[in-house]
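To keep things clear, I will list the structure first and then write my remarks on it.
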Amino acid sequence: MAGLSAMQHPYVSVEGVTRAYPGHVVFRDLWFGVNRGEFVCLVGHSGCGKTTVLNILAGLDAPDAGGVIVDGQEIRGPSLDRAVIFQGHALMPWMTAEQNVVFALSCRHPRWGKARLRDAAREALDKVGLGQAADRRPAMLSGGMKQRVGIARALALDPKMLLMDEPFSALDALTRSALQDEVARLVAEANQTAFMITHDVDEAILLADRILLMTNGPDARIAETVVNTLAKPRNRATLHKLPGYHALRDHILEFLLTRSRTLAGTRPPGWDPTSPPEVRPAEAPLPVAAQ
Ligand SMILES: Nc1ncnc2c1ncn2[C@@H]1O[C@H](COP(=O)(O)OP(=O)(O)OP(=O)(O)O)[C@@H](O)[C@H]1O
Ligand SMILES: [Mg+2]
């Protein structure tokens, strides 16, 4: 693997990662970093390889070339240092909300006693507004409540990196925006390093510090990095009033509607995968100039 010294790595460093199936290169030579406390979103069309990227970051899948370094250590497999919130809630149905969180915490802290685990789980559930529902099993919780338990469980682990794969896409619009605001608040409070995949442009604009735009597959690449300079804290109700919001949104939509397709499978002359163009539409709208 191309070696940067440990001092030069961002907190999370994806270095030259390639994943291919027989006869099908999903993506090739991906390079990007996530700084400590930063929130990065990956946006791209269905099938371009977003979940594959996330699975590699989680250690659930391995790259065919390149590697991922988190806090100075190369990823070798799954770890509780990297908590995942999936699209489905992935709770254990026979356990209550509290028991689900306690179970994850007991794996993370095998020496903690019952009372300590229970207190930590209660605190995590309180933070997502589920203190009253701690004793309910998943079947007795709404879809939004189940996702909240998943968020509580992930954040209770105090992971080095929080990974989310379209965590709100199965929820109705109102529940989704409430949970988006909640994740924005909780991640900011914990200064949590986060990586999220989403199809929802407003969700990316609400949450991300940087948005990676991925071309369609096969042979996908990150065509550019959009820096989100919109003022924080942000919330769904007022997001569209922030100066620069429309330029940023138009830029991402234009990529998804046009350039994700026209750039698919291409590498422009002089293309440097280690530093895709950085665009700041909120300050200087660049609708189509960047590659
Ligand atoms: N086990 C596998 N064997 C063969 N091909 C696979 C396998 N897993 C994924 N792929 C292919 O890799 C590509 C990327 O899949 P991936 O699930 O990462 O896409 P995605 O961007 O997350 O899509 P979506 O937005 O629909 O979730 C797809 O073309 C998919 O068919
Ligand atoms: Mg996916």
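As a basis for the values below, the full set of heavy atoms in this structure was taken, side chains included, without hydrogen atoms, waters or symmetry mates. Nothing here was measured: the structure is a model prediction, and the numbers come from that model. Each ligand, and each atom within it, is numbered from 1 in the order the structure gives.
Residue E189 places its CD atom among more than 12 non-hydrogen atoms of other residues, nucleotides or ligands, all under 6.0 Å distant.
Nearest to atom 10 (N) of ligand 1 among the protein's heavy atoms is Y21 CE1, 3.3 Å. The protein atom (non-hydrogen) at minimum distance from atom 25 (O) of ligand 1 is K50 NZ, 2.8 Å.
Checked by atom type and distance alone, the side chain of N100 pairs as donor or acceptor with a backbone atom of M92 at under 3.5 Å. Side chain of S260 to main chain of F255: a donor-acceptor pair is present (N/O by atom type, distance under 3.5 Å, no hydrogens or angles). Under the 3.5 Å distance criterion, the side-chain polar atoms of R267 are left unmatched by any main-chain donor or acceptor of W271. Listed for the R36 side chain is no donor-acceptor partner under 3.5 Å among the backbone atoms of Y11. Without hydrogens or angle criteria, K146 side chain to L91 main chain gives no donor-acceptor distance under 3.5 Å. The main-chain N or O of P167 is found under 3.5 Å from a side-chain atom of Q147 such that the two form a donor-acceptor pair. Put simply, the side chain of Q192 gets close to the backbone of P159: a donor and an acceptor are under 3.5 Å apart.
Atom numbering of ligand 1 starts at 1 in the shown order; those under 4.0 Å from a heavy atom of G49 are 14 (C), 16 (P), 18 (O), 19 (O), 20 (P), 21 (O). Close approach to H199 involves these atoms of ligand 1, each under 4.0 Å from a residue heavy atom: 25 (O). Near T52, with a cut-off below 4.0 Å to any heavy atom, the atoms of ligand 1 are 14 (C), 15 (O), 16 (P), 18 (O). Residue-ligand proximity, S46 to ligand 1, at heavy-atom distances under 4.0 Å covers atoms 23 (O), 24 (P), 25 (O), 26 (O). Of all atoms in ligand 1, numbered sequentially from 1 with element shown, those under 4.0 Å from a heavy atom of T51 are 17 (O), 18 (O), 20 (P), 22 (O), 27 (O).
Checking atom 30 (C) of ligand 1 against the protein gives no heavy-atom contact under 4.0 Å.
Nearest heavy atoms, V26 versus T52: CG1-OG1, 4.5 Å.
Contact between H24 and ligand 1 is present, with at least one heavy atom of the residue lying under 4.0 Å from the ligand. Under a 4.0 angstrom heavy-atom cut-off, G217 registers as lying outside contact with ligand 1.
Nearest-heavy-atom check against atom 20 (P) of ligand 1 across G44, G47, S169 picks out G47.
Put simply, S46 stays out of reach of the Mg ion (ligand 2), with no N, O or S atom under 2.8 Å from it.
At a heavy-atom cutoff of 4.0 Å, ligand 1 is contacted by the side chain of V26 but not by its backbone.
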